[in-house]
Amino acid sequence: MTSRWDNNKQMITLPLPTEFSFLENTKYLSNAPNECLIRIDDGRVYKAISLEQVPIIVEVSVGCEQENGLAVRLLGNNQAALCESVRDAAVRYVRDWFDLDTDLQPFYQLAKTDKLLSGSVDSFYGLRNMGIPDLFEALCWGIIGQQINLAFAYTLKRRFVEAFGQYVEHDGERYWLFPTPVDIASLQVEDITKLKMSTKKSEYLIGVAQLMVEGKLSKEQLLGIGDHKKIEKLLVQIRGIGPWTANYVLMRCLRIPTAFPIDDVGLHNAIKYVTGAEAKPTKVEILQLAEGWKNWESYATFYLWRLLY
DNA sequence: GTCCAGGATGGGT
DNA sequence: ACCCATCATGGA
């Protein structure tokens, strides 16, 4: 299998890690109700992203020649698609998005005998923590999702994206790009409350966008800090980002393996579902249940969430 | 109509 | 450090 760019076919095939199921990942993506940033058609996943200021559509599918390869194509077919640095950035994005560089074997080993995880890892074997590589998108999605049901959260995200984002057209389909910090930083609160977002969330979104535009907050900076607790402490100081949102971003964007949104209602419901308990688990109970998850708290949460979809 | 949802804040003990 | 009212809208 080739890991080099094929200029004729405009694609690259990435070798896959062993514990990987493309089907499980697409099933996970398909379950998102009203998702506006991803299109799935005929087993292929499409997403528009901006690479080096250039909007482009990424198509991901299982390789046709080698079933254990992940085929990445760039659509939109402008000159940008031919530029080597853009191609490399697209490949990095997909590796990050599908979390191809994590060896899941230790997780599956510990999950086998875990009373909460054993069923889930069996059902969803090969599922990856599908990420949100863009920090601004991850922060906004966390803020939008606070304290409302998921269906409404997806509706709000769609309105937000379609009001302030750009789109690329290809074969008669629109592929929306998540708005950039620049798109949002100069908005007035009323511009966002019009979408039925709460006043506070509108303020939070603008505030985060301004921090990023001012260069006071970036993914590179957070990754450079490295330590879970230090990053969390920094994020929680930002207005609108509490422990839940911070850990959500640590998990979905920064890929800190110990990220653990312990206050999450979905996690509570998943635990109730597995244990059969009537009452919501207490924080102490959750920590006890999670004692065997050291360094895999993030993946454990992701797999438990999956039970609810 | 009621309850609650991928929580966070600011004020109070 | 805990407790609590408040936010705000829509899904079930």
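So you know, we letter chains A, B, ... as the sequences are listed, proteins then strands, and number each from 1.
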Spell out, as yes or no, whether a donor-acceptor pair under 3.5 Å connects the side chain of [X] to the backbone of [Y].
{"X": "A:E203", "Y": "A:R239", "value": "no"}
{"X": "A:R73", "Y": "A:I57", "value": "no"}
{"X": "A:H268", "Y": "A:T282", "value": "no"}
{"X": "A:N247", "Y": "A:F260", "value": "yes"}

(request) Check each of A:K47, A:R252, A:K219 against A:E137 using the salt bridge (charged side-chain N to carboxylate O under 4.0 Å, His left out) test, and report the only one that passes. (result) A:K47
(request) Give each stem of DNA chain C as a range with a range, requiring at least 3 consecutive Watson-Crick or G-U wobble pairs whose two distances are under 3.5 Å. (result) B:2-5 with C:9-12, B:7-13 with C:1-7
Measure [atom1]/[X] against [atom2]/[N] and give the value in whole Å, please.
{"X": "A:L139", "N": "B:dA8", "atom1": "CG", "atom2": "P", "value": "12 Å"}
{"X": "A:E190", "N": "C:dA8", "atom1": "CD", "atom2": "P", "value": "13 Å"}
{"X": "A:L308", "N": "B:dC4", "atom1": "CG", "atom2": "C1'", "value": "15 Å"}
{"X": "A:K280", "N": "B:dG7", "atom1": "NZ", "atom2": "P", "value": "9 Å"}
{"X": "A:K200", "N": "B:dG10", "atom1": "NZ", "atom2": "C1'", "value": "8 Å"}
{"X": "A:I143", "N": "B:dA8", "atom1": "CD1", "atom2": "C1'", "value": "10 Å"}
{"X": "A:F260", "N": "B:dG6", "atom1": "CZ", "atom2": "C1'", "value": "14 Å"}
{"X": "A:K201", "N": "B:dT9", "atom1": "NZ", "atom2": "C1'", "value": "13 Å"}

Over all strands shown, is [X] touching base, sugar-phosphate only, or nothing at heavy-atom distances under 4.0 angstrom?
{"X": "A:L267", "result": "nothing"}
{"X": "A:I238", "result": "sugar-phosphate"}
{"X": "A:P261", "result": "nothing"}
{"X": "A:F302", "result": "nothing"}
{"X": "A:G240", "result": "sugar-phosphate"}
{"X": "A:Y248", "result": "base"}

(request) Could you please name the option among B:dG7, C:dA8, B:dT9 that lies closest to any side-chain atom of A:R239? (result) B:dT9
(request) Could you work out the separation of C:dA8 and B:dG11 based on their P atoms and round it to a whole Å? (result) 16 Å
(request) Taking atom C1' in both C:dC2 and B:dG6, compute the distance separating them and give it to the nearest angstrom. (result) 24 Å
[X] vs [Y] aromatic rings, parallel, tilted or perpendicular, using cut-offs 30° and 60°?
{"X": "A:Y248", "Y": "A:W244", "result": "parallel"}
{"X": "A:Y108", "Y": "A:Y125", "result": "parallel"}
{"X": "A:Y309", "Y": "A:Y28", "result": "tilted"}

(request) Check whether the side chains of A:S85 and A:D88 place a donor and an acceptor atom closer than 3.5 Å, and report yes or no. (result) no
(message) Taking the nucleotide of DNA chain B with the nearest heavy atom to each, does A:Q237 or A:W141 sit closer to the 5' end?
(response) A:W141
Could you list, one pair per line, each protein nitrogen or oxygen that sits under 3.5 Å from a nitrogen or oxygen of nucleotides 9-11 of chain C, together with the distance?
{"unit_1": "C:dG11", "atom_1": "O4'", "unit_2": "A:N149", "atom_2": "ND2", "d": "3.2"}

(message) For A:W141 and A:Y154, I'd like to know if the aromatic rings sit close, meaning centre-to-centre distance below 6.0 Å.
(response) yes
(request) Please tell me if the side chains of A:L16 and A:F22 come closer than 4.5 Å, counting only heavy atoms from C-beta onward. (result) no
(request) Would you check if A:P179 and A:V161 make a side-chain contact, meaning some heavy-atom pair closer than 4.5 Å? (result) yes
Collect all protein-nucleotide pairs involving nucleotides 11-13 of chain B in which both atoms are nitrogen or oxygen and the distance is under 3.5 Å.
none

(request) Check whether any side-chain N or O of A:T245 sits under 4.0 Å from OP1 or OP2 of B:dA8, and answer yes or no. (result) yes
(request) Determine, for A:Y46 and A:R39, whether the Lys NZ or Arg CZ falls below 6.0 Å from the six-membered ring centre while staying within 45 degrees of the axis. (result) yes
